Each structure stands twice: as C-alpha cells, then as structure tokens.
Amino acid sequence: MTRTQRHLALAAGVAAVGFLGMVFLPGSGLRGRLSLTSAYVGLALLAVTLILGPLNLLRRRPNPVNTALRRDVGIWAGLASLFHVAVGLTVHMRGRPWLYFVDQRGSLRLDRFGFANDTGLVAGLLLLLVLVVSNDRALRGLGLRRWKAVQRCCYVVFGLTMAHGAVYQFIEKRPLAFVLVFTALGATAVVFQLCGLVTRWSISSTAATARSSTGAV
C-alpha cells in the first residue's frame, strides 16, 4: 500500500466511524455526538501508534525510529483529536469557551471539569506540535534525534488523554460500554508498551552476553 492509499484508507475509516457515531449514538445533539465520536477515534488511533513499535519487537522485526505507517496513523490520530478539541469547546459552554478553564469570576477552575479540560487542551497543543513536524522536511531540518524527541511527546499526550477521558467518564456519566471501550484501548496500549520494553531489554541483554562471550574467547 502506498502512502496515498493508506491516507485514503484511514480517511475512509475515520469518516465511516464518524457517520456511524452520528447515526447510532444516543442523544447529546450533533455537537455532542461529533465530540464523542472524534474522541474515541483519536484515542483508538493514538493507541495503534503506541502498539506498532512494540509489535515489531515482539515479532522480532526491525523497529526503525521512523516508519511511514506509524507516522501516517499518528497524523490521523492528531487530526481526529484536534477536531475533538475544536468541537468539544462548543458543547457545554456555547459561545463562552473560556469557561472551560476559568469560572465566572475569572479564576482558574480547580474542579474536575477544569482538570479534564486543562489536560485535554495541553494534549491537543502537544499533538499540534507533533503534527507540524510529522513530515520529511521537519525530519531533515531537526535531525533524527531532535525529531524523535518531539515525536516522543505522544507518550505524554497519551497520559494526558487518559486522564482527560477518565474524568469525563464520571462528569458525563458514560454508559458502561463506553467506559469499557475507553479502558480497553488504554490498557492495550500500556500492555504492549510494557511488553516492548521487556522484549527490548531481553534483546539487549542477549546481545551483551553474546559480545561478552565472544570477547572471552
């Protein structure tokens, strides 16, 4: 599959899930359904980007710093998530988006609602940064090490997204099915990351032992 074909496939998948969300999600109005659908699509795609690297390690396949598949999935994860941020800011405080972050007196919100929105906003800004550099020109300009350092912001984004989503499960009193899907996506990404770390440590230990044995001979 070429990158163009992959982007078209990802776009079609996102559009299909969005359409299903519009049709089958109960209540919440158009904006609410758009916000909820894009949130879960963004989280699912972000989880996939965190699974691909460990999956290569578990299958004993090369896991380069930069792969087109992981980058392309990450781009659509970012687009879906930023769409969620934009739409989400119009759901609860229509016409007054600042009230997501401050109260009527202009003080920072220190309640669960404020925490959820703060973590979501920071995650969105970091994703925007990652999207800006998700191209070959930025890779050449930054160099591989600095470019990869920016891309690793996805780990922070994932943590912030899970915190944001977990609080909103309580605020919105989500049905059990939504909670289970949210938990499954997060847990799957974490488990694969841990397995990848263990596998990388095992490979490094085996290689070190082999070098040591060769040196002893």
Side-chain angles (χ1 to χ4, degrees), residues 1 3-52 55 69-97 99-100 112-128 130-131 154 157-193:
M1 182 180 289
R3 291 198 68 189
T4 299
Q5 290 171 331
R6 184 161 50 244
H7 276 294
L8 289 174
L10 287 166
V14 169
V17 174
F19 174 77
L20 291 174
M22 292 299 93
V23 173
F24 293 107
L25 285 181
S28 299
L30 175 62
R31 295 180 186 182
R33 292 196 297 273
L34 278 173
S35 176
L36 186 59
T37 303
S38 57
Y40 276 82
V41 169
L43 177 60
L45 291 174
L46 180 59
V48 171
T49 65
L50 297 179
I51 289 170
L52 288 174
L55 187 61
L69 174 60
R70 189 162 48 197
R71 193 199 304 186
D72 292 345
V73 175
I75 287 172
W76 282 95
L79 291 175
S81 299
L82 290 175
F83 180 81
H84 164 69
V85 172
V87 175
L89 288 174
T90 70
V91 174
H92 294 285
M93 309 292 182
R94 295 182 182 179
R96 298 179 296 172
L99 293 180
Y100 279 84
R112 290 187 302 179
F113 188 66
F115 172 80
N117 296 321
D118 290 341
T119 52
L121 179 62
V122 175
L125 292 175
L126 288 175
L127 268 176
L128 181 60
V130 173
L131 275 177
C154 286
V157 169
F158 178 74
L160 292 171
T161 299
M162 292 304 296
H164 166 79
V167 176
Y168 257 104
Q169 302 299 317
F170 292 100
I171 293 175
E172 298 287 348
K173 296 181 173 60
R174 300 283 186 215
L176 180 60
F178 287 94
V179 176
L180 291 176
V181 171
F182 173 81
T183 304
L185 289 172
T188 301
V190 170
V191 168
F192 268 89
Q193 282 291 314

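Everything numeric in this text was worked out from a predicted model, so none of it was measured.
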>> Run the ring-ring contact (aromatic ring centres under 6.0 Å, His included) test against Y40 and tell me which residues pass, sequence neighbours left out.
In response: F178

> Residues two or more places apart in sequence or in another chain: which of them pass salt bridge (Lys or Arg N to Asp or Glu O under 4.0 Å) with R112?
Replying inline: none

> Partners of L125 by side-chain contact (heavy atoms from CB on, under 4.5 Å), sequence neighbours excluded?
Replying inline: L121

Enumerate, atom names and distances included, each donor-acceptor pair closer than 3.5 Å involving a side-chain atom of residues 82-90, sequence neighbours excluded.
| unit_1 | atom_1 | unit_2 | atom_2 | d |
| --- | --- | --- | --- | --- |
| H84 | ND1 | S35 | O | 2.8 |
| H84 | ND1 | S35 | OG | 3.2 |
| T90 | OG1 | V87 | O | 2.6 |

> Rounded to the nearest 0.5 Å, how far apart are CD1 of I171 and NE2 of H164?
Replying inline: 8.5 Å

> What pairs with D118 under salt bridge (Lys or Arg N to Asp or Glu O under 4.0 Å), at least two apart in sequence or on another chain?
Replying inline: none

> Which heavy atom in A80 sits nearest to a heavy atom in S38, and how many Å separate them?
Replying inline: O-CB, 3.7 Å

>> My understanding is that only residues two or more places apart in sequence, or in another chain, count here; which of them pass side-chain contact (heavy atoms from CB on, under 4.5 Å) with L126?
In response: V122, C153, V156, V157, L160

>> Show, in sequence, the C-alpha distance, side-chain angles and deciding distance for V14 and L45, and conclude whether the side chain to side chain contact (heavy atoms under 4.5 Å, CB included) test is met.
In response: CA-CA 10 Å; V14 169; L45 291 174; 4.1 Å; yes

> With sequence neighbours excluded, what pairs up with Y100 under the ring-ring contact (aromatic ring centres under 6.0 Å, His included) test?
Replying inline: F113

>> Applying side-chain contact (heavy atoms from CB on, under 4.5 Å), can you list everything that pairs with L185, at least two apart in sequence or on another chain?
In response: L43, A44, V181

> Between T37 and G21, what is the shortest heavy-atom contact and its length?
Replying inline: OG1-CA, 3.5 Å

> Who pairs with E172 by side-chain hydrogen bond (donor to acceptor under 3.5 Å, both in side chains), at least two apart in sequence or on another chain?
Replying inline: H92

> Mind checking what makes side-chain contact (heavy atoms from CB on, under 4.5 Å) contact with T188, not counting sequence neighbours?
Replying inline: I51, F192

> Going by the side-chain hydrogen bond (donor to acceptor under 3.5 Å, both in side chains) test, which pairs reach into residues 4-23, not counting sequence neighbours?
Replying inline: T2-Q5, R6-D72, H7-D72, H7-W76

